[in-house]
Number of protein chains: 2
Amino acid sequence: MRLSKRGEYALRSLINLGIATKVGRSLVRVTELAKAEDMPVKFLEQVMQQLREAGYVESERGKHGGYRLTKPATKITIGQVVRLIDGPLAPVGCVSQAAYEKCSCPDETHCGLRMLMLDVRNAIAAILDCYTLADVVEVTTRKMVTNGWPLPFSTPGNTPAAVQPGENSGRTRAALTSPSEGVIHQLLGDYAI
Amino acid sequence: MRLSKRGEYALRSLINLGIATKVGRSLVRVTELAKAEDMPVKFLEQVMQQLREAGYVESERGKHGGYRLTKPATKITIGQVVRLIDGPLAPVGCVSQAAYEKCSCPDETHCGLRMLMLDVRNAIAAILDCYTLADVVEVTTRKMVTNGWPLPFSTPGNTPAAVQPGENSGRTRAALTSPSEGVIHQLLGDYAI
DNA sequence: TCGATACTACATTGAATTAATAGGATTTAT
DNA sequence: ATAAATCCTATTAATTCAATGTAGTATCGA
C-alpha cells in the first residue's frame, strides 16, 4: 500500500510550488525544491519533467529559470498526481476504475476479496480525489503562520503577514464520499464542506 | 497503493482454506489451492510456508497431506495478513503505526502531506483491521449458496445444503472506525454491527 | 519393504520496478 | 563569453517480485 519515493517527491514539490505561489514567488529552482525536503537533485529533475509533460508545472530555462504551477492549486487533486506517478489507486487490478484488469479468480461476482479491496479502493479514492493541492498547502501553511514561522520560498518583500487568507474559499469540492472524520478534514475547519 | 501478488495469493488461499473448513474438508493440497485461483504452484508453496511460519496454517506431510487453518477464521483479520506479507499499510513510513520511520521533510508537525497520508492510512486500516477472514469467507460463500452453486472443496458427503448458516454470529468486531458504507458492510447485512 | 505421492527446504534466476547517478546539450541572463 | 539553470539520455545499483529447479523427507498403500 506504499506510495513510491517518486510519488512522494512529486507531491512534496507540488506542495512547495503551491506555497511559493502563495507567497508571490513565481519560479522555484529544482535545487531549492530538493534542498527544502532533502531530495536527490538529479532524481527530482526527472520527476519535475514528468510533471511538466503532464501539464501540472511549466518551466523557464536559462540562468534565472525554474518551475511554477500551471494551474490553480484548487484544480489539482492529489489523486490525479498519485495516479500519474504511481498508477491506479486500487490495491488489485480487478477493482480499478481507471485501469481495470481481470484477475485470476474463477468468478468476480462471488469474490469476497474483490469486494473488500473495492471498499479499500473507494476509501482511498474518497480521500485522494477529494482533497486538492490547495487543501494540503493550506493545512501546511496555516499552522506555520499561526506559529509565526516564516514560510518557505518567501522573499524579503513577501513576509508571512503578506499572505492573504481566504484565497481558498468559494471552493467546490468534488467529494465522492465525504470523509467526515480525519485530520485533514478537521484542520481544514470551516473551509471544508 | 498496490497489494502484491504474494499478498493476494496468501489471502486467496486463506479464504479457500476457510471455505474448506466450512464444508468439512480438513486438509487442502497446495495444488488444489493453486488450481482453484490459477496461481503458480511453486510460488504458492513459498507463500504457504510463510503463512505456516506465522502460525495461520498448519500442514500435514505425506501422501494425504495438505494445509488447514490453525485458528478460527474469526480470529484472523485481513490487516494482519497483509502486514505480514506486504509490510505496513501506511503509504509513507512517517504515518505507520507498526513501523514508523522518520521522513525527510523539515517538520512533521506542519507537513500537510503527512496528515493527508495519515487519513489514508487510517481509512485503509479501518477496513482491513475490521474485517476478518470469516467475513470474507461469508461474503464469498453466501452468494454462491443462494445461487445454488457448489462450494469449492466440498466433498460428496458435504453438499452446500449441509453448510450450517449463522456460524458467524455472536461476533465481536474490533472496529476502529465503523465503515458504515462499502459493499462488504452491506453484503454482510445483519451480521455486521 | 517398496514405490508413489506430496510437502519441505534451499538455491537460483529472470523480470520488472524503483531509486539514484552521471554527463552532456540546450537555453537564457548577465 | 560565461555562469546558471533546465532538458535529455543513458546507465547503474538496489530492491522487490515472481517463478523455477533440484534434492530431500515424510507418509501412505500395496
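These figures come from a predicted structure and were not determined experimentally.
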Q: Do the side-chain N and O atoms of B:Lys22 and B:Thr141 include a donor-acceptor pair separated by under 3.5 angstrom?
A: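 A pair is found: one side chain offers a donor N or O, the other an acceptor, under 3.5 Å apart.
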Q: Using atom CE of A:Met39 as one end and atom C1' of C:dT21 as the other, report the distance to the nearest whole Å.
A: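 Between C1' of C:dT21 and CE of A:Met39: 17 Å.
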Q: Closest approach of A:Ala20 and A:Phe153, non-hydrogen atoms and distance?
A: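 Closest heavy-atom pair between A:Ala20 and A:Phe153: CB-CB, 4.1 Å.
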Q: From CZ of B:Arg2 over to P of D:dT16, roughly how many Å is that when rounded to an integer?
A: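 Rounding to the nearest Å, CZ of B:Arg2 and P of D:dT16 are 19 Å apart.
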Q: If the threshold is 4.0 Å, N to carboxylate O, is there a salt bridge linking A:Arg25 and A:Glu32?
A: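 Between A:Glu32 and A:Arg25 there is a salt bridge, with a charged N closer than 4.0 Å to a carboxylate O.
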Q: Indicate yes or no: at least one non-hydrogen side-chain atom of A:Arg68 is less than 4.5 angstrom from one of A:Glu58.
A: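 Yes, at least one pair of side-chain atoms sits under 4.5 Å.
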Q: Rounded to the nearest angstrom, tell me the gap between atom CE in A:Met1 and atom P in D:dT16.
A: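 In whole Å, D:dT16 P lies 17 Å from A:Met1 CE.
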Q: Have A:Gln50 and A:Arg6 got a donor and an acceptor in their side chains that come within less than 3.5 Å?
A: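 Looking only at side-chain atoms, A:Arg6 and A:Gln50 do form a donor-acceptor pair, the distance falling under 3.5 Å.
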Q: Please name the pair of heavy atoms, one in B:Arg121 and one in B:Gln97, separated by the smallest distance, quoted to 0.1 Å.
A: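 Where B:Arg121 meets B:Gln97 most closely, the heavy atoms are NH2-CG, 3.0 Å.
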Q: In whole angstroms, how far is the C1' atom of C:dA20 from the CG atom of A:Asp38?
A: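 Nearest whole value for this atom pair: 14 Å.
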Q: How does each nucleotide of nucleotides 25-30 of chain D score, in 5' to 3' order, for protein heavy atoms under 4.0 Å: base (B), sugar-phosphate only (S), or none (-)?
A: BBBSS-
Q: D:dA14 C1' sits how many Å from A:Arg6 CZ, rounded?
A: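 So the two atoms are 16 Å apart, to the nearest Å.
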Q: Nearest to the side chain of B:Tyr67, heavy atoms from C-beta on, is which of C:dT21, C:dA19, C:dT8?
A: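 Side chain of B:Tyr67 sits closest to C:dT8.
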Q: Can you tell me how far C1' of D:dT15 sits from NZ of A:Lys5, to the nearest Å?
A: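 Distance, rounded to whole Å: 14 Å.
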Q: Heavy-atom count around B:Lys35 NZ within 6.0 Å, excluding the residue itself: above 12?
A: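 Result for NZ/B:Lys35: open.
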Q: If you take any heavy atom closer than 4.0 Å to DNA chain D, which residues from residues 41-54 of chain A end up in contact?
A: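 Output list: A:Lys42, A:Glu45, A:Gln46, A:Gln49, A:Arg52.
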Q: Would you please confirm or rule out a distance under 4.0 Å between OP1 or OP2 of C:dA20 and any side-chain N or O of A:Tyr9?
A: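 Answer yes for this pair, as a side-chain N or O of A:Tyr9 is under 4.0 Å from OP1 or OP2.
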Q: Quickly work out the A:Ile85 CD1 to C:dT18 P distance and round it to whole Å.
A: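 It works out to 11 Å between those atoms.
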Q: Any side-chain heavy atom of A:His110 sitting closer than 4.5 Å to one from B:Val139?
A: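 No. Closest side-chain heavy atoms not under 4.5 Å.
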Q: Taking only residues two or more places apart in sequence, or in another chain, which ones meet A:Tyr67 in a ring-ring contact (aromatic ring centres under 6.0 Å, His included)?
A: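 A:Tyr67: no ring-ring contact (aromatic ring centres under 6.0 Å, His included) contacts found.
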Q: I need the CD-P distance between B:Glu58 and C:dT8, as an integer number of Å.
A: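 Nearest whole value for this atom pair: 11 Å.
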